[in-house]
Number of protein chains: 2
Amino acid sequence: MKNQASVLYAPAADSSSAPHQKKEFTISVFTENQIGLLSRIAIMFSRRKINVESLNVSPTEIEGISRFTIVIAEVEEVVSKLNRQIEKQVEVLKSYYNVNEDIVWQELAMYKVPTSVISEKAKVERLLREYGAQAVAIRSDYTVFETVGHREETDGLLNALAPYGLIEFVRSARVAIIKDSEGFHAKLKEFEQHEPSQEVIENEFLDKRDEVFTM
Amino acid sequence: MKNQASVLYAPAADSSSAPHQKKEFTISVFTENQIGLLSRIAIMFSRRKINVESLNVSPTEIEGISRFTIVIAEVEEVVSKLNRQIEKQVEVLKSYYNVNEDIVWQELAMYKVPTSVISEKAKVERLLREYGAQAVAIRSDYTVFETVGHREETDGLLNALAPYGLIEFVRSARVAIIKDSEGFHAKLKEFEQHEPSQEVIENEFLDKRDEVFTM
């Protein structure tokens with residue numbers, strides 16, 4: 001557990017570090033129909049005993065195409081191999097891996113606190129302003145706030161709210177925009193037009209992936 | 001694919017609907033060390049051919065404990081069985097399932113657009129104000145905006161930005177706060193104090209789960 005914890009909370013290593021040193025990588029995978037794929041991808045990580053720091057799977061803007069965002073701390077060689085293995089999956093259109101310098105990323109966090117505390121302690125109001133928090137739900141017994149930012153920022157409000165009776169906390173996995181991306185959206189759209197959704201997807205798109213997804 | 005697409009984008013069914021009708025459920029799973037667990041949970045869904053609409057895995061506020069948020073459209077009977085099966089996993093502390101009425105949920109979305117469009121078209125500025133978007137990164141060639149909300153809201157800005165040269169889009173999986181939760185945070189804290197992190201976790205906590213996690 002100690003090892004896992006240090007991986008979960010370790011700050012990103014310096015990008016100038018040696019290639020054999022572990023650092024934080026964000027893997028972005030564009031996929032078709034995800035039934036079964038999720039477990040195949042998950043097994044690739046567990047088989048190598050790689051801890052997934054955060055995982056986000058959500059539909060993209062194009063019907064039938066999902067995007068996985070996977071954050072791990074590993075040496076580049078391992079990440080590169082994993083990425084190639086992920087790309088071999090039939091449903092995977094394209095997979096990219098990036099260090100933190102290559103992406104713009106955010107996480108969403110929600111905090112549930114007793115409304116009595118919020119309404120009575122002016123100090124809490126200052127904290128909320130300081131962390132740019134928004135109220136999502138206000139009930140007589142509880143209030144839910146949200147913030148968006150990097151881990152340090154959402155953790156900042158978390159630590160500040162903890163003494164005021166934090167009831168529940170949840171944060172999203174990382175979502176990331178790749179700085180160098182050009183026209184992902186247009187290419188996905190084009191892909192969808194050329195190959196409209198079908199009931200069963202076999203490996204018919206395999207040879208078209210580079211054409212569609214080259215940045 | 002048609003089936004999957006309709007599941008992905010179907011609005012939540014009315015909560016008054018019959019128990020044998022599919023509706024949207026959010027499963028919240030509190031777990032210890034997740035190596036291997038992710039693939040075991042993923043397999044439970046793929047084996048039953050259940051499409052995972054969105055999946056979020058991220059560390060909680062307590063070191064060594066993660067939270068999964070899984071959204072599926074299913075009949076309650078299937079979800080209840082799944083939930084029991086998830087809870088049988090050694091690393092799982094507690095798993096809850098909720099319909100949309102029982103939770104406060106949000107998603108984060110990021111949109112990358114050409115800066116030239118943002119800086120030249122006043123109409124885009126109006127759209128951004130209208131959708132409460134924030135700028136996350138502003139470069140000479142691109143700008144990244146973010147919004148937080150339900151799917152319809154983040155989709156609204158997406159549709160509005162598409163004609164203005166959307167380059168890339170990503171959204172987080174759902175994160176959810178359970179309305180009825182009381183003192184999750186305190187219980188997690190207490191759990192951590194009673195059972196400090198250890199290198200190897202076997203099933204020693206199994207019999208303590210209800211004590212720790214009863215709402």
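Per chain, numbering begins at 1; letters A, B, ... match sequence-line order.
Counting only distance, with no hydrogens or angles, the side chain of A/R171 and the backbone of B/P59 share a donor-acceptor pair below 3.5 Å. Here the side chain of A/N56 pairs a donor or acceptor atom with the backbone of B/A173 at under 3.5 angstrom. Between the side chain of A/K112 and the backbone N or O of B/E182 there is no donor-acceptor pair closer than 3.5 Å.
In this structure, no portion of B/R174 lies under 4.5 Å from any heavy atom of chain A. Of the two parts of A/Q134, neither the backbone nor the side chain holds a non-hydrogen atom closer than 4.5 Å to a non-hydrogen atom of chain B. The contact between B/V144 and chain A is made entirely by side chain atoms (from C-beta outward), counting heavy-atom distances below 4.5 Å. Proximity to chain A is absent for every atom of B/A109, based on heavy atoms less than 4.5 angstrom apart. Contacts of B/L158 with chain A are made by side-chain atoms alone, with heavy-atom separations under 4.5 Å and no backbone atom involved.
Separating the CG atom in A/L166 from the CZ atom in B/F184 is a distance of 11.5 Å, to the nearest 0.5 Å. How far CG of B/L38 is from CD1 of A/I50: 12.5 Å, rounded to the nearest 0.5 Å. Between atom OG of residue A/S46 and atom CD1 of residue B/I35 there is a gap of 8.5 Å, rounded to the nearest 0.5 Å. Distance check: B/Y142 OH to A/D180 CG gives 7.5 Å after rounding to the nearest 0.5 Å. Separating the CZ atom in A/F169 from the CD1 atom in B/I177 is a distance of 8.5 Å, to the nearest 0.5 Å. To the nearest 0.5 Å, atom CE of residue A/M44 and atom OG of residue B/S39 are 11.5 Å apart.
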Report task. List the steps and the verdict of side-chain contact (heavy atoms from CB on, under 4.5 Å) for B/S54 and A/V57. Result -> CA-CA 5 Å; B/S54 88; A/V57 185; over 6 Å; no
Query raised in the report: Do B/E146 and A/V148 pass the side-chain contact (heavy atoms from CB on, under 4.5 Å) test, and can you show the C-alpha distance, the side-chain angles, and the key distance before you say yes or no?
Result: CA-CA 9 Å; B/E146 69 187 10; A/V148 174; 3.2 Å; yes
Query raised in the report: Please walk me through it: do A/Q106 and B/L108 pass side-chain contact (heavy atoms from CB on, under 4.5 Å)?
Result: CA-CA 8 Å; A/Q106 292 283 60; B/L108 166 67; 3.7 Å; yes
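Of all heavy-atom pairs spanning A/V170 and B/A176, the tightest one is CG1-O, 3.6 Å. In terms of heavy atoms, B/A137 sits closest to A/V104 at CB-CG2, 4.0 Å.
Between chain A and the residues B/P114, B/S172, B/S28, B/G36, the largest count of heavy-atom pairs under 4.5 Å involves B/S172.
In summary, of the residues considered (A/H185, A/K179, A/R67, A/K187), a side chain to side chain donor-acceptor pair (under 3.5 Å) with B/E168 occurs for A/R67 alone.
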